[in-house]
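Here is the structure we will look at.
First the proteins, then the strands, lettered A, B, ... as listed; each starts at 1. Keep in mind it's a predicted model, so treat the numbers as computed, not measured.
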2 protein chains.
Amino acid sequence: MTAISLSSRETARRRLLDALRREGPMARVEIGQHLGMSPASVSELTASLLDEGILVAEDAADQAAGLFRGRPKTRLFFAETLGSVVGVWTGFNRIELRLVDSAGRNRASRHIERPLRSLGAEALMDVLAETIGVFAQESGAMDVKAVGLACQGYVDTKDGIVAWSPVLGTRDLPLASGLGERLGRPVLIENDASAMAFAITQRHAELRSGRTACLMVGDGVGLGFLIQGELYRGARFGGSEFGHVRLRRSGPQCRCGGRGCIEAYLADYALHRDAQLIDHRPAPTLLLPSEEAMGSIVDQARAGDPALINLFHAAGEVLGDAVGILIQTLEPDHIVLCGPGTRAMDLLRPSFEAALESQTIPELRALATIHVVESSMDLLTEGVVMQALRELDLDLARLKAA
Amino acid sequence: MTAISLSSRETARRRLLDALRREGPMARVEIGQHLGMSPASVSELTASLLDEGILVAEDAADQAAGLFRGRPKTRLFFAETLGSVVGVWTGFNRIELRLVDSAGRNRASRHIERPLRSLGAEALMDVLAETIGVFAQESGAMDVKAVGLACQGYVDTKDGIVAWSPVLGTRDLPLASGLGERLGRPVLIENDASAMAFAITQRHAELRSGRTACLMVGDGVGLGFLIQGELYRGARFGGSEFGHVRLRRSGPQCRCGGRGCIEAYLADYALHRDAQLIDHRPAPTLLLPSEEAMGSIVDQARAGDPALINLFHAAGEVLGDAVGILIQTLEPDHIVLCGPGTRAMDLLRPSFEAALESQTIPELRALATIHVVESSMDLLTEGVVMQALRELDLDLARLKAA
DNA sequence: ATTGTTTTATTCATGAAGCGAACGAAGTGC
DNA sequence: GCACTTCGTTCGCTTCATGAATAAAACAAT
C-alpha cells in the first residue's frame with residue numbers, strides 16, 4: 001500500500017470512483033458532466049470497471065417511475081460483493097472503529113475505552129489486531145479487505161512506520177507491517193489530522209480546489225494540508241503535528257516534553273488541566289477528558305467565570321498566531337478549523353481574530369477563507385477508511401493490469 | 001505573462017530549455033540521457049525549436065578535434081539573435097540590474113544607489129522604467145525582449161501586483177502593467193526570496209528533487225519554497241514574507257509595524273540598528289547597511305564583544321525557531337539558508353542548533369538536510385531573469401502555435 | 001578507395017489516452 | 001407505428017511518447 005505516482009488512467013479512474021463514493025449512484029452522462037469528461041471517456045472507463053466487477057449497473061426497476069422522456073439513465077454503483085474496510089482511530093484511552101462497504105457507506109461503528117500508551121510495541125499491536133478482529137467479526141464482516149488506521153503523531157504513510165506518537169508510547173514502530181501480518185490484510189496508516197482533513201474536503205466541494213489547510217483542534221492540534229483535494233505529502237510524514245510548533249518560549253508544559261507548544265494551550269487535555277488547577281481540583285487522571293468535562297468548562301466560561309475566560313482568551317490568541325503562521329507559510333485558499341475544539345469557538349474568537357490581525361496584512365488575510373467546521377472525532381475513521389478504499393481501488397487496477 | 005497550467009508538450013519543452021541553460025550546449029543524445037527522454041522525443045522537440053529559430057546547431061568546426069569514433073555530436077544551443085532580458089532587484093536604497101542573453105549568460109550588470117520608498121506610485125515606476133532603459137541602452141542592448149523584477153514584499157506574480165512591500169512604500173501597486181506600458185515590453189515580477197530560491201536550485205541539482213525551502217536572510221528574511229524544482233505558488237503570492245511571522249510577542253520593533261517578527265532579529269537592518277545602540281552611536285540613517293558596516297559588526301563579535309555575541313545568539317535562536325516551524329509545517333527534504341546573512345553563520349550556529357533541537361524530534365529533523373549557501377544579492381537578479389526567460393520561452397511557443 | 005565500425009540523428013509504426021461526431025438503443029408521447 | 005428525446009457506444013482522429021529500423025557522418029582497417 002504505497003503511494004507511487006499515478007498514471008493518467010489511474011488518476012481518471014480514481015476521480016471517477018471518488019465521485020461515485022461522494023455523490024452516490026450516477027449514470028454515465030452524469031459522471032461526465034460532474035468530472036468534465038467526454039461521454040466517450042466515461043464509457044471507456046466504466047466499461048473496464050464493470051468488467052472488473054468493481055461497478056455494477058443498477059436495476060432499471062429501481063429507478064423512479066417514467067416521468068421523463070428519452071432513453072432512461074442506467075446508474076452505476078459499487079458492487080455489493082467487493083468486501084468491506086475497517087477504519088480505526090487510536091486516541092489516548094480510546095479506540096474508535098468503523099466498518100464501511102466498498103462504496104464507503106457506514107456498516108457499523110463502535111468505540112472502546114482502552115489505554116494504549118503503557119503497552120510495549122508487540123503488546124500494542126496484539127491488542128489492536130485483536131480489537132479490530134473482534135469488531136469485524138461481531139459486525140458480521142467476513143470480507144474485510146483492508147484496514148486503515150489513523151493516529152496522532154509523525155506517521156510515515158509510505159513506509160507504514162509511526163516515528164513518534166504521543167498516544168502509542170513507542171518510537172519508530174512498523175505499525176502497518178506489524179498489523180498487516182497479524183490481520184493478514186493490507187494496512188494503511190495515516191496521521192489523524194490528515195485523515196480528518198481528507199474527510200472534510202470530501203464533504204465540501206469548494207475545499208477541493210486550491211490549497212486547503214485544516215487545523216484540527218481536539219485531543220491534540222494537528223494540521224492536514226491538501227492541494228487540489230490531494231493530501232500534501234512532505235518528505236515523509238506530511239504537514240502534520242503542527243501542534244508541537246513552539247509559539248511561546250516559556251509557555252506551559254506540553255506532553256511532547258517541550259514548553260509553549262500550540263497544543264499546550266489549545267488541546268482538550270491542556271484546557272482541562274488548567275481548568276482543574278483553577279478550581280483547585282486534583283490533576284486529572286484521564287489523559288483524554290470526556291466531552292462532558294469539556295462541555296462543563298465551556299459552560300462555566302460562557303457563564304462568565306473570569307479565570308476560565310482568560311484561559312480561552314490565551315488559547316484563542318495562540319490559535320490566531322498559529323493560523324497567522326499557516327497563512328504566511330502556505331498561503332492557502334481555505335483554512336478549516338475543525339475538531340471538537342471548535343465547540344468553544346465563540347470563546348476563542350475575539351482573541352483569535354485580534355492575534356491574526358496583528359500579524360498579517362489585510363491583503364494576505366483576505367486570500368484565505370476561514371471555515372469553522374464542527375466535526376467530531378468519528379470523522380477521523382471516515383477519512384482514513386476512505387483513503388484505504390482508494391488504495392484498494394488502485395491495487396485492484398494494478399492486479400488486473402498485471 | 002501569466003502562469004497557466006502547462007500542456008504536456010510545454011513541460012517537456014521547458015525541461016529541455018532549462019537543461020540547456022544550466023548545462024550549456026548539448027547534443028541531442030546528451031539531452032536525452034540528461035532528461036530521461038527517448039532520442040525520438042528529443043529529435044521531435046528539437047526539430048520544432050530549431051525550426052522556430054530558438055535553437056541553432058553548433059558549427060562542426062567549433063568542436064574538439066576528432067579523437068572519437070562514430071558520427072560526431074552536433075551540439076545545440078540558443079540562437080544569438082533571440083534578444084536579451086533585463087533582471088532587476090529593488091532594495092531600500094539600491095537597484096541591482098543585470099542583462100542576460102537568451103541563453104541566460106551574463107552580458108552586463110550594475111547597481112545604483114537610489115532610495116525608492118519616498119516616491120509615489122507613478123514616480124516610482126517612472127524612475128524604475130528610466131533606470132532600466134538607461135541601463136539597457138548603455139549596455140548596448142537594443143533587443144531587450146522582457147524584464148524581470150524582484151522585490152521584497154507580497155508580490156502577486158500572476159496578476160503583476162505588489163500588494164505590500166517594505167521597500168516601495170506603496171500598496172496594491174500594479175507594477176507589472178505599469179512598467180510594461182512604460183517600457184513597451186512584458187514585465188514579470190516576483191518576490192525576491194522566491195527569485196533567489198529559484199536561482200539556487202538551478203545551480204544545485206539535488207535541490208531540484210523533493211521539497212526545498214530556501215530561507216533568505218539579508219536585507220529582510222524571505223522564504224522561497226519549491227516542489228520538484230518548481231516554485232510553490234500559494235493562493236496569490238507564494239510562500240513568501242516569512243520574515244514577518246511573529247515569534248516573540250513583545251519582541252523588537254519590525255519595519256512592518258509589528259513586533260517580534262523573525263526579521264526584527266535577523267535582518268541586516270535589525271542587527272545593525274541594535275549594534276549601533278550598543279555602541280551608543282546615533283541611529284542609522286541608511287536603511288540598508290553596507291556590507292562593510294555589517295562586516296565590522298561581525299568582526300567585533302568574533303573578536304569577543306559580549307554584547308554583540310548576545311545579539312547574534314538571539315538571532316540564531318530565532319533562526320532555529322523559524323527553521324523548526326518550516327520543518328514542522330512543510331516537512332521539506334532540503335532547507336537552504338542563503339543570502340548575505342549567512343556571513344555570520346558561525347556566530348549564529350550554536351543557538352540556532354539548540355533552538356532547532358529543542359522543538360523538533362530527531363526523526364523529523366533527520367529528514368531535512370540543511371545547506372548553507374553563501375550567496376549575495378546579485379543571485380536575485382539571476383533568479384528573476386531566469387524566470388522571465390522561461391516565460392518568454394512559453395510565449396514564443398504559444399505564438400507559434402497560434 | 002573501399003568496406004566495416006561506431007556513434008548520432010531521424011523516420012516510421014505502434015500504442016495509450018482523450019475526444020467529437022455519428023450511430024444505435026431504449027424509452028415516452030401521440 | 002412513428003416521431004422525439006435522451007443515453008450510451010463505436011469509430012476515427014489527434015496528441016504524445018516510444019522502440020525499432022534506418023540513415024548519416026565520421027574514423028579505422030585493409
(message) Strictly under 4.0 angstrom, non-hydrogen atoms only: write out the protein contact profile of nucleotides 3-15 of chain D, one letter per nucleotide from the 5' end, B, S or -.
(response) --BBBSBB-----
(request) Return the set of residues passing side-chain hydrogen bond (donor to acceptor under 3.5 Å, both in side chains) with B:N106 (not counting sequence neighbours), or none when no residue passes. (result) none
(message) What is the separation between atom CD on B:E58 and atom P on C:dT8, rounded to the nearest whole Å?
(response) 15 Å
(request) Could you list the residues that satisfy salt bridge (Lys or Arg N to Asp or Glu O under 4.0 Å) with B:D18, not counting sequence neighbours? (result) B:R390
(request) Starting from the first five and the last five pairs of the helix from C:dA1-D:dT30 to C:dC30-D:dG1, work out the angle between the resulting helix axes, to 10 degrees. (result) 40°
(request) Taking only heavy atoms on the protein side, list every residue of residues 15-23 of chain A lying under 4.0 Å from any atom of DNA chain C, sorted numerically. (result) none
(request) Run the salt-bridge test on B:R28 and B:E44 with the 4.0 Å N-O cut-off and return the result as yes or no. (result) no
(request) Using salt bridge (Lys or Arg N to Asp or Glu O under 4.0 Å) as the criterion, list what pairs up with B:R22, not counting sequence neighbours. (result) none
(message) Can you list everything that forms a salt bridge (Lys or Arg N to Asp or Glu O under 4.0 Å) with A:D393? Sequence neighbours excluded, please.
(response) A:R21
(message) Taking side-chain hydrogen bond (donor to acceptor under 3.5 Å, both in side chains) as the definition, give me every residue that meets it alongside A:R13, ordered by chain and number, with sequence neighbours left out.
(response) A:E52
(request) Check whether any side-chain N or O of A:S41 sits under 4.0 Å from OP1 or OP2 of C:dC19, and answer yes or no. (result) yes
Side-chain donor-acceptor pairs under 3.5 Å in residues 32-41 of chain A, sequence neighbours left out?
{"unit_1": "A:S38", "atom_1": "OG", "unit_2": "A:S41", "atom_2": "N", "d": "3.2"}
{"unit_1": "A:S38", "atom_1": "OG", "unit_2": "A:S41", "atom_2": "OG", "d": "3.0"}

(message) Under the rule for side-chain hydrogen bond (donor to acceptor under 3.5 Å, both in side chains), what residues qualify as partners of A:R236, not counting sequence neighbours?
(response) A:D156
(request) Provide, to the nearest angstrom, the distance between the CG atom belonging to B:L35 and the P atom belonging to D:dT18. (result) 11 Å
(request) Using salt bridge (Lys or Arg N to Asp or Glu O under 4.0 Å) as the criterion, list what pairs up with B:E10, not counting sequence neighbours. (result) B:R398
(message) Taking ring pair (Phe, Tyr, Trp, His ring centres under 6.0 Å) as the definition, give me every residue that meets it alongside B:H204, ordered by chain and number, with sequence neighbours left out.
(response) none
